[in-house]
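Heavy-atom basis, side chains included; hydrogens, waters and symmetry copies ignored. Both ligands and their constituent atoms are indexed starting at 1 by order of listing.
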Amino acid sequence: MIEKLGNPEIGRRGLMLVLSSPSGAGKTTLTKLLRDEEPSLTLSISVTTRPRRPSEVDGVHYFFKTADEFKDMRDRGDLLEWAEVHGNFYGSPRKEIDKALAGGNDILFDIDYQGAMQVRKTAPDDVVSIFILPPSIPELRRRLERRAEDSATVIQQRLKNAKNEIDRWRDYDYVLVNDDLQATFAKIRAILAAERLKRERQIGLPKFVSGLLAHL
Ligand code: ADP
Ligand code: 5GP
(Lines give C-alpha, C1' and ligand atoms only; values in the text may rest on other atoms or scores of the structure.)
(Ligands and ions follow the chains in the order given, each with its own letter.)
Protein backbone atom coordinates (compact mmCIF):
# COMPACT_ATOMS: atom_id res chain seq x y z
CA MET A 1 0.00 0.00 0.00
CA ILE A 2 1.53 3.35 -0.97
CA GLU A 3 0.72 7.07 -0.94
CA LYS A 4 -2.13 8.31 1.19
CA LEU A 5 -5.09 9.50 -0.83
CA GLY A 6 -6.02 12.66 0.99
CA ASN A 7 -6.59 10.88 4.28
CA PRO A 8 -4.25 8.84 6.48
CA GLU A 9 -6.72 5.95 6.70
CA ILE A 10 -6.95 5.49 2.93
CA GLY A 11 -4.10 3.81 1.06
CA ARG A 12 -3.84 2.21 -2.34
CA ARG A 13 -3.16 -1.14 -3.96
CA GLY A 14 -0.28 -1.18 -6.46
CA LEU A 15 -1.20 -1.55 -10.12
CA MET A 16 0.51 -3.16 -13.09
CA LEU A 17 0.77 -0.81 -16.07
CA VAL A 18 1.32 -2.72 -19.31
CA LEU A 19 2.49 -0.97 -22.50
CA SER A 20 2.43 -2.87 -25.79
CA SER A 21 2.85 -1.84 -29.42
CA PRO A 22 4.30 -3.03 -32.69
CA SER A 23 8.07 -2.62 -32.72
CA GLY A 24 9.08 0.99 -33.42
CA ALA A 25 5.84 2.68 -32.29
CA GLY A 26 7.58 4.23 -29.26
CA LYS A 27 7.16 2.02 -26.16
CA THR A 28 10.77 2.17 -25.07
CA THR A 29 10.91 5.95 -25.48
CA LEU A 30 7.69 6.38 -23.51
CA THR A 31 8.90 3.94 -20.85
CA LYS A 32 12.04 6.02 -20.39
CA LEU A 33 10.01 9.23 -19.99
CA LEU A 34 7.79 7.48 -17.44
CA ARG A 35 10.78 6.26 -15.48
CA ASP A 36 12.18 9.79 -15.35
CA GLU A 37 8.93 11.51 -14.38
CA GLU A 38 7.23 8.83 -12.30
CA PRO A 39 9.91 7.59 -9.90
CA SER A 40 7.38 5.56 -7.88
CA LEU A 41 6.82 3.35 -10.92
CA THR A 42 9.09 0.28 -10.85
CA LEU A 43 10.12 -0.95 -14.30
CA SER A 44 9.97 -4.71 -14.74
CA ILE A 45 13.28 -5.54 -16.44
CA SER A 46 12.75 -8.52 -18.74
CA VAL A 47 15.09 -11.36 -19.54
CA THR A 48 15.69 -12.03 -23.23
CA THR A 49 17.67 -14.23 -25.56
CA ARG A 50 17.82 -11.41 -28.14
CA PRO A 51 21.32 -10.06 -28.88
CA ARG A 52 22.06 -6.80 -27.06
CA ARG A 53 21.73 -3.63 -29.16
CA PRO A 54 24.75 -1.27 -29.14
CA SER A 55 22.97 1.26 -26.90
CA GLU A 56 21.68 -1.31 -24.40
CA VAL A 57 23.14 -2.12 -20.99
CA ASP A 58 22.75 -5.55 -19.38
CA GLY A 59 20.62 -5.23 -16.24
CA VAL A 60 19.26 -1.83 -17.25
CA HIS A 61 17.34 -2.45 -20.47
CA TYR A 62 17.21 -6.25 -20.26
CA PHE A 63 18.96 -9.13 -18.59
CA PHE A 64 20.55 -10.83 -21.60
CA LYS A 65 20.50 -14.62 -21.32
CA THR A 66 21.46 -17.66 -23.36
CA ALA A 67 18.65 -19.93 -24.55
CA ASP A 68 19.61 -22.50 -21.87
CA GLU A 69 19.62 -19.91 -19.09
CA PHE A 70 16.23 -18.67 -20.25
CA LYS A 71 14.76 -22.19 -20.33
CA ASP A 72 16.09 -22.89 -16.83
CA MET A 73 14.37 -19.77 -15.49
CA ARG A 74 11.15 -20.62 -17.29
CA ASP A 75 11.13 -24.25 -16.13
CA ARG A 76 11.83 -23.25 -12.52
CA GLY A 77 8.74 -21.01 -12.64
CA ASP A 78 10.83 -17.86 -12.21
CA LEU A 79 8.91 -15.98 -14.92
CA LEU A 80 5.50 -14.37 -14.38
CA GLU A 81 4.96 -14.58 -18.14
CA TRP A 82 7.05 -15.35 -21.19
CA ALA A 83 6.69 -15.42 -24.96
CA GLU A 84 8.55 -15.90 -28.21
CA VAL A 85 8.61 -12.58 -30.09
CA HIS A 86 10.33 -11.92 -33.45
CA GLY A 87 12.17 -15.26 -33.06
CA ASN A 88 13.61 -14.57 -29.57
CA PHE A 89 12.43 -15.43 -26.07
CA TYR A 90 11.37 -12.75 -23.59
CA GLY A 91 10.04 -13.04 -20.06
CA SER A 92 9.26 -11.05 -16.91
CA PRO A 93 11.13 -12.27 -13.80
CA ARG A 94 8.70 -12.86 -10.96
CA LYS A 95 11.02 -11.97 -8.07
CA GLU A 96 11.37 -8.22 -8.60
CA ILE A 97 7.69 -7.89 -9.48
CA ASP A 98 6.59 -9.64 -6.29
CA LYS A 99 8.98 -7.47 -4.28
CA ALA A 100 7.67 -4.24 -5.81
CA LEU A 101 4.02 -5.20 -5.39
CA ALA A 102 4.59 -6.32 -1.80
CA GLY A 103 6.12 -2.90 -1.15
CA GLY A 104 2.99 -1.26 -2.59
CA ASN A 105 4.70 0.02 -5.74
CA ASP A 106 3.20 0.26 -9.21
CA ILE A 107 4.99 -1.72 -11.90
CA LEU A 108 5.54 -0.87 -15.55
CA PHE A 109 5.78 -3.63 -18.18
CA ASP A 110 6.99 -3.15 -21.76
CA ILE A 111 5.80 -6.51 -23.10
CA ASP A 112 4.02 -7.91 -26.15
CA TYR A 113 0.35 -8.89 -26.40
CA GLN A 114 1.02 -12.54 -25.46
CA GLY A 115 2.67 -11.43 -22.22
CA ALA A 116 -0.01 -8.80 -21.59
CA MET A 117 -2.72 -11.45 -21.77
CA GLN A 118 -0.84 -13.76 -19.38
CA VAL A 119 -0.32 -11.00 -16.81
CA ARG A 120 -3.97 -10.00 -17.04
CA LYS A 121 -5.03 -13.60 -16.44
CA THR A 122 -2.83 -13.76 -13.34
CA ALA A 123 -4.00 -10.47 -11.81
CA PRO A 124 -7.13 -9.24 -13.64
CA ASP A 125 -7.96 -6.50 -11.13
CA ASP A 126 -4.48 -5.03 -11.00
CA VAL A 127 -3.62 -4.67 -14.68
CA VAL A 128 -4.05 -1.46 -16.65
CA SER A 129 -3.13 -2.02 -20.30
CA ILE A 130 -2.29 0.53 -22.99
CA PHE A 131 -1.72 -0.21 -26.66
CA ILE A 132 0.41 2.25 -28.63
CA LEU A 133 -0.28 2.63 -32.35
CA PRO A 134 1.97 4.39 -34.88
CA PRO A 135 0.40 7.29 -36.81
CA SER A 136 1.01 5.40 -40.10
CA ILE A 137 2.94 2.41 -41.46
CA PRO A 138 5.45 4.56 -43.44
CA GLU A 139 6.16 6.43 -40.18
CA LEU A 140 6.59 3.11 -38.33
CA ARG A 141 9.16 2.06 -40.94
CA ARG A 142 10.92 5.44 -40.66
CA ARG A 143 11.11 5.09 -36.87
CA LEU A 144 12.58 1.59 -37.10
CA GLU A 145 15.14 2.85 -39.62
CA ARG A 146 15.91 6.01 -37.66
CA ARG A 147 16.53 4.00 -34.50
CA ALA A 148 19.33 2.40 -36.53
CA GLU A 149 19.96 -0.42 -34.07
CA ASP A 150 18.58 -3.35 -36.05
CA SER A 151 19.71 -4.83 -39.37
CA ALA A 152 17.57 -4.41 -42.51
CA THR A 153 16.47 -8.06 -42.19
CA VAL A 154 15.39 -7.59 -38.57
CA ILE A 155 13.50 -4.38 -39.48
CA GLN A 156 11.73 -6.23 -42.29
CA GLN A 157 10.71 -9.04 -39.92
CA ARG A 158 9.40 -6.56 -37.35
CA LEU A 159 7.32 -4.75 -39.96
CA LYS A 160 5.90 -8.09 -41.10
CA ASN A 161 4.96 -8.97 -37.50
CA ALA A 162 3.33 -5.53 -36.99
CA LYS A 163 0.11 -6.75 -38.62
CA ASN A 164 -0.44 -9.51 -36.03
CA GLU A 165 0.41 -7.13 -33.21
CA ILE A 166 -1.80 -4.25 -34.39
CA ASP A 167 -4.68 -6.74 -34.73
CA ARG A 168 -4.62 -7.08 -30.91
CA TRP A 169 -5.65 -3.48 -30.23
CA ARG A 170 -9.09 -4.49 -28.92
CA ASP A 171 -7.57 -6.51 -26.05
CA TYR A 172 -6.32 -3.35 -24.29
CA ASP A 173 -8.03 -0.94 -21.87
CA TYR A 174 -6.65 2.12 -23.68
CA VAL A 175 -5.38 2.71 -27.23
CA LEU A 176 -3.21 5.72 -28.06
CA VAL A 177 -1.85 6.88 -31.42
CA ASN A 178 1.73 8.00 -30.76
CA ASP A 179 2.01 10.91 -33.16
CA ASP A 180 3.32 13.70 -30.94
CA LEU A 181 5.55 12.12 -28.28
CA GLN A 182 4.88 14.64 -25.49
CA ALA A 183 1.12 14.51 -26.11
CA THR A 184 1.15 10.70 -25.87
CA PHE A 185 3.25 10.86 -22.73
CA ALA A 186 0.78 13.33 -21.15
CA LYS A 187 -2.09 10.93 -21.97
CA ILE A 188 -0.31 8.01 -20.32
CA ARG A 189 0.26 10.08 -17.19
CA ALA A 190 -3.42 11.08 -17.18
CA ILE A 191 -4.43 7.39 -17.43
CA LEU A 192 -2.06 6.51 -14.60
CA ALA A 193 -3.36 9.32 -12.40
CA ALA A 194 -6.99 8.32 -12.95
CA GLU A 195 -6.36 4.58 -12.51
CA ARG A 196 -4.55 5.23 -9.24
CA LEU A 197 -7.69 6.94 -7.95
CA LYS A 198 -10.08 4.13 -8.87
CA ARG A 199 -12.47 3.25 -6.06
CA GLU A 200 -11.44 -0.42 -6.05
CA ARG A 201 -7.78 0.50 -5.52
CA GLN A 202 -8.44 2.59 -2.44
CA ILE A 203 -7.84 0.41 0.58
CA GLY A 204 -9.65 1.53 3.73
CA LEU A 205 -12.27 3.50 1.83
CA PRO A 206 -15.32 1.52 3.10
CA LYS A 207 -14.10 1.96 6.67
CA PHE A 208 -13.47 5.66 6.12
CA VAL A 209 -16.94 6.21 4.65
CA SER A 210 -18.52 4.24 7.51
CA GLY A 211 -16.70 6.57 9.89
CA LEU A 212 -18.12 9.61 8.07
CA LEU A 213 -21.63 8.17 8.12
CA ALA A 214 -21.39 7.34 11.81
CA HIS A 215 -21.16 11.05 12.55
CA LEU A 216 -24.33 12.00 10.68
P1 ADP B 1 9.58 0.53 -29.51
O2 ADP B 1 10.14 0.42 -28.12
O3 ADP B 1 8.08 0.56 -29.53
O4 ADP B 1 10.14 -0.51 -30.43
P5 ADP B 1 11.14 3.02 -29.65
O6 ADP B 1 10.73 3.70 -28.40
O7 ADP B 1 12.50 2.39 -29.68
O8 ADP B 1 10.02 1.95 -30.13
O9 ADP B 1 11.01 4.09 -30.83
C10 ADP B 1 11.48 3.83 -32.16
C11 ADP B 1 12.09 5.12 -32.73
O12 ADP B 1 11.04 6.09 -32.92
C13 ADP B 1 13.12 5.76 -31.81
O14 ADP B 1 14.16 6.27 -32.62
C15 ADP B 1 12.34 6.91 -31.13
O16 ADP B 1 13.18 7.98 -30.80
C17 ADP B 1 11.33 7.30 -32.22
N18 ADP B 1 10.05 7.80 -31.69
C19 ADP B 1 9.31 7.34 -30.66
N20 ADP B 1 8.17 8.04 -30.49
C21 ADP B 1 8.17 8.99 -31.46
C22 ADP B 1 7.27 10.07 -31.84
N23 ADP B 1 6.12 10.27 -31.20
N24 ADP B 1 7.61 10.83 -32.89
C25 ADP B 1 8.76 10.61 -33.57
N26 ADP B 1 9.67 9.65 -33.27
C27 ADP B 1 9.38 8.83 -32.23
P1 5GP C 1 12.66 -5.45 -28.46
O2 5GP C 1 13.44 -6.60 -29.01
O3 5GP C 1 12.33 -4.42 -29.52
O4 5GP C 1 13.27 -4.85 -27.22
O5 5GP C 1 11.25 -6.05 -27.98
C6 5GP C 1 10.50 -6.82 -28.89
C7 5GP C 1 9.13 -7.10 -28.33
O8 5GP C 1 9.23 -7.95 -27.17
C9 5GP C 1 8.37 -5.86 -27.88
O10 5GP C 1 7.02 -6.01 -28.31
C11 5GP C 1 8.46 -5.92 -26.38
O12 5GP C 1 7.36 -5.29 -25.75
C13 5GP C 1 8.42 -7.42 -26.15
N14 5GP C 1 8.92 -7.82 -24.84
C15 5GP C 1 9.97 -7.29 -24.16
N16 5GP C 1 10.13 -7.89 -22.98
C17 5GP C 1 9.13 -8.81 -22.89
C18 5GP C 1 8.74 -9.76 -21.88
O19 5GP C 1 9.32 -9.87 -20.81
N20 5GP C 1 7.67 -10.53 -22.17
C21 5GP C 1 6.98 -10.44 -23.34
N22 5GP C 1 5.92 -11.25 -23.49
N23 5GP C 1 7.32 -9.58 -24.31
C24 5GP C 1 8.38 -8.77 -24.09
Asker: Parallel, tilted or perpendicular: which one describes the rings of Trp82 and Phe70, with boundaries at 30° and 60°?
Answerer: perpendicular
Asker: State the atoms of ligand 2, each with its element, that fall below the 4.0 Å cut-off from a heavy-atom position in Arg53.
Answerer: 1 (P), 2 (O), 3 (O), 4 (O)
Asker: Is Arg196 paired with Asp106 through a side-chain N to carboxylate O contact shorter than 4.0 Å?
Answerer: yes
Asker: Name the closest protein heavy atom to atom 27 (C) of ligand 1, giving the residue it belongs to and the distance to 0.1 Å.
Answerer: Arg143 NE, 3.6 Å
Asker: Check ligand 1 against Arg146 and write out every atom of the ligand that is under 4.0 Å from a heavy-atom position of the residue.
Answerer: 26 (N)
Asker: Do NZ/NE/NH1/NH2 and the carboxylate oxygens of Glu145 and Arg142 come within less than 4.0 Å?
Answerer: no
Asker: Which ligand 2 atoms are under 4.0 Å away from a heavy-atom of His86?
Answerer: 6 (C)
Asker: Identify, with sequence neighbours excluded, every residue that meets side chain to side chain contact (heavy atoms under 4.5 Å, CB included) alongside Ala25.
Answerer: Ser21, Pro22, Ile132, Pro134, Leu140
Asker: Using a 4.0 Å cutoff against the non-hydrogen atoms of Ser92, which atoms of ligand 2 qualify?
Answerer: 19 (O)
Asker: Taking only Lys NZ, Arg NE, NH1 and NH2, and the carboxylate oxygens of Asp or Glu, determine whether Arg74 and Asp78 approach each other closer than 4.0 Å.
Answerer: no
Asker: In the protein, which heavy atom is nearest to atom 13 (C) of ligand 2, and how far is it?
Answerer: Asp112 N, 3.7 Å
Asker: With only distance considered, is Glu139 within less than 3.5 Å of ligand 1 through an N or O on each side?
Answerer: no
Asker: So is Gln114 touching ligand 2 or not, going by heavy atoms under 4.0 Å?
Answerer: no
Asker: For the hydrophobic clusters of this structure (ILVMFWY residues joined by side-chain heavy atoms under 4.5 Å, transitively), does one cluster hold both Tyr90 and Ile45?
Answerer: no
Asker: Run the salt-bridge test on Glu165 and Arg158 with the 4.0 Å N-O cut-off and return the result as yes or no.
Answerer: no
Asker: Which is closest to atom 1 (P) of ligand 1 in terms of heavy atoms, Ala148, Gly24, Pro22, Ala183?
Answerer: Gly24
Asker: Does any N/O atom on Asp180 come nearer than 3.5 Å to any N/O atom on ligand 1?
Answerer: no
Asker: Please list, in number order, the atoms of ligand 2 under 4.0 Å from a heavy atom of Arg158.
Answerer: 1 (P), 2 (O), 3 (O), 6 (C)
Asker: What I want to know is whether Gly26 and ligand 1 share at least one N or O pair that is separated by under 3.5 angstrom.
Answerer: yes
Asker: Using a strict threshold of under 4.0 Å (side-chain N to carboxylate O), is an ion pair present between Asp98 and Lys95?
Answerer: no
Asker: Counting heavy atoms not belonging to Arg94, are there more than 12 under 6.0 Å from its CZ?
Answerer: yes
Asker: Go through the steps for Arg147 and Asp150 under the test side chain to side chain contact (heavy atoms under 4.5 Å, CB included), then give the verdict.
Answerer: CA-CA 8 Å; Arg147 186 165 69 189; Asp150 297 314; 3.0 Å; yes
Asker: Just verifying a value: how many Å separate Met73 CE and Arg76 CZ, rounded to the nearest 0.5 Å?
Answerer: 6.5 Å
Asker: Which atoms of ligand 2 are found less than 4.0 Å from any heavy atom of Gly115?
Answerer: 22 (N)
Asker: Assess the residue pair Leu15 and Arg201 against the criterion (side chain to side chain contact (heavy atoms under 4.5 Å, CB included)); give the C-alpha distance rounded to whole Å, side-chain angles, the decisive distance to 0.1 Å, and a yes or no.
Answerer: CA-CA 8 Å; Leu15 58 79; Arg201 299 213 162 86; 3.8 Å; yes
Asker: If a pair satisfies ring-ring contact (aromatic ring centres under 6.0 Å, His included) and one of its residues is in residues 9-42, list it, with sequence neighbours excluded.
Answerer: none
Asker: For atom 20 (N) of ligand 1, which protein heavy atom lies nearest, and how many Å away is it?
Answerer: Asn178 ND2, 3.2 Å
Asker: I'd like to check which ligand 1 atoms, numbered from 1 as shown, lie under 4.0 Å from a non-hydrogen atom of Ser21.
Answerer: 3 (O)
Asker: Do Leu17 and Val127 come within less than 4.5 Å of each other through their side chains, counting heavy atoms only?
Answerer: no
Asker: Which of these passes salt bridge (charged side-chain N to carboxylate O under 4.0 Å, His left out) with Arg50: Glu56, Glu149, Glu84?
Answerer: Glu56
Asker: Tell me which part of Glu81 gets within contact of ligand 2: side chain, backbone, both or neither, using heavy atoms under 4.0 Å.
Answerer: side chain
Asker: Below 4.0 angstrom from a heavy atom of Ala83, which ligand 2 atoms are there? Numbered from 1 as shown, please.
Answerer: 22 (N)
Asker: Quick check on contacts: which atoms of ligand 1 are under 4.0 angstrom from a heavy atom of Ser23?
Answerer: 4 (O)
Asker: Can you tell which part of Thr31 has a heavy atom less than 4.0 Å from ligand 1: side chain, backbone, both or neither?
Answerer: neither
Asker: Just jot down the ligand 2 atoms closer than 4.0 angstrom to any heavy atom of Arg50, in number order.
Answerer: 1 (P), 2 (O), 4 (O)
Asker: Pick, from Thr184, Thr29, Leu144, Thr28, the option with the minimum heavy-atom distance to atom 19 (C) of ligand 1.
Answerer: Thr29
Asker: For ligand 1, is there an N or O atom under 3.5 Å from any N or O atom of Asp110?
Answerer: no
Asker: At the 4.0 Å heavy-atom cut-off, does Gly91 count as touching ligand 2?
Answerer: yes
Asker: Which option out of Val85, Asp110, Leu19, Asn88 puts a heavy atom nearest to atom 14 (N) of ligand 2?
Answerer: Asp110
Asker: Quick test: of every protein heavy atom, which one is nearest to atom 6 (C) of ligand 2, and how far off is it to 0.1 Å?
Answerer: Tyr90 OH, 3.5 Å
Asker: I need the minimum non-hydrogen distance between Thr122 and Gln118, along with the two atoms involved.
Answerer: OG1-O, 2.8 Å
Asker: State, with a plain yes or no, whether a side-chain heavy atom of Arg199 is found less than 4.5 Å away from one of Leu205.
Answerer: yes
Asker: Any atom of ligand 2 sitting under 4.0 Å from a heavy atom of Tyr62?
Answerer: yes
Asker: Of all the non-hydrogen atoms in the protein, which one sits nearest to atom 7 (O) of ligand 1, and at what distance?
Answerer: Arg147 NH1, 2.9 Å
Asker: Enumerate the atoms of ligand 1 whose separation from the nearest heavy atom of Asp179 is less than 4.0 angstrom.
Answerer: 22 (C), 23 (N), 24 (N)
Asker: Among all the protein's non-hydrogen atoms, which is closest to atom 16 (N) of ligand 2, and how far away is it?
Answerer: Ser46 OG, 3.1 Å
